[in-house]
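Right, one structure below, let's go through it.
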Amino acid sequence: MQSRKELKKQKQKEVKEKTRLQKQIKKENRKKERQLSKQGRTSKKRINEMERYRRVEKRLTQAIIVVVLLLVIVLIYTIYGP
């Protein structure tokens, strides 16, 4: 059975290894992106971001239409009202 000190050291080693691997992967990704950008292409995708903007734009457009219709109704009522 391992002592707490040994377990702690082992856990620290695992964390260091994990962070090292993440940094290496990030570095490789940056290198690939730079090569693609030199060629005029990129591999980044912002599909989720664009979908969110489209949904917001659609809701805003609907809200504007509703407000315009309400204004027209109010103007008609004030002009031809009782």
Side-chain angles (χ1 to χ4, degrees):
M1 190 164 164
Q2 294 178 339
S3 67
R4 290 182 186 176
K5 191 174 184 179
E6 291 172 348
L7 289 173
K8 189 174 180 180
K9 283 184 181 181
Q10 183 180 1
K11 188 174 180 180
Q12 286 176 344
K13 284 183 182 180
E14 289 174 359
V15 169
K16 284 183 181 180
E17 183 67 23
K18 186 177 179 182
T19 56
R20 188 185 63 79
L21 286 174
Q22 287 175 345
K23 285 181 182 180
Q24 185 178 3
I25 290 171
K26 191 174 180 180
K27 187 176 179 181
E28 290 173 2
N29 286 340
R30 271 195 229 130
K31 190 174 181 180
K32 288 178 185 177
E33 275 300 318
R34 286 184 186 138
Q35 287 175 350
L36 287 174
S37 66
K38 286 180 182 177
Q39 296 173 357
R41 300 181 303 173
T42 58
S43 65
K44 291 183 181 178
K45 295 184 180 180
R46 295 197 165 93
I47 295 172
N48 295 334
E49 213 173 295
M50 293 304 293
E51 287 178 7
R52 188 181 68 194
Y53 288 137
R54 286 186 191 114
R55 281 183 278 151
V56 169
E57 183 181 359
K58 186 176 179 181
R59 290 189 85 180
L60 286 174
T61 305
Q62 290 173 346
I64 291 170
I65 290 171
V66 168
V67 169
V68 167
L69 289 175
L70 290 173
L71 283 173
V72 168
I73 291 171
V74 168
L75 287 174
I76 290 173
Y77 182 75
T78 55
I79 293 173
Y80 299 109

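Note that the coordinates shown come from a computational prediction; the quantities given were computed from them, not determined experimentally. Only this structure's heavy atoms are used, side chains among them; waters, hydrogens and symmetry mates stay out.
- Chaining together hydrophobic side chains whose heavy atoms lie under 4.5 Å apart leaves V74 on its own.
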Let me check something: any side-chain donor-acceptor pairs from residues 58-71 under 3.5 Å, sequence neighbours excluded? List them with distances.
from: T61; atom 1: OG1; to: E57; atom 2: O; distance (Å): 2.8

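- Here L75 is tied to no hydrophobic group at all, with no ILVMFWY side chain closer than 4.5 Å.
- Of the residues K23, Q22, R30, the one that meets the side chain to side chain contact (heavy atoms under 4.5 Å, CB included) test with K26 is R30.
- Residues M50 make up the rest of the hydrophobic cluster containing Y53, defined by ILVMFWY side-chain heavy atoms closer than 4.5 Å, directly or through other members.
- Listed by chain and residue number, N29 satisfy the side-chain contact (heavy atoms from CB on, under 4.5 Å) test with I25 (two or more places apart in sequence, or in another chain).
- Among pairs with a residue in residues 4-19, those fulfilling side chain to side chain donor-acceptor pair (under 3.5 Å) read E17-R20, at least two apart in sequence or across chains.
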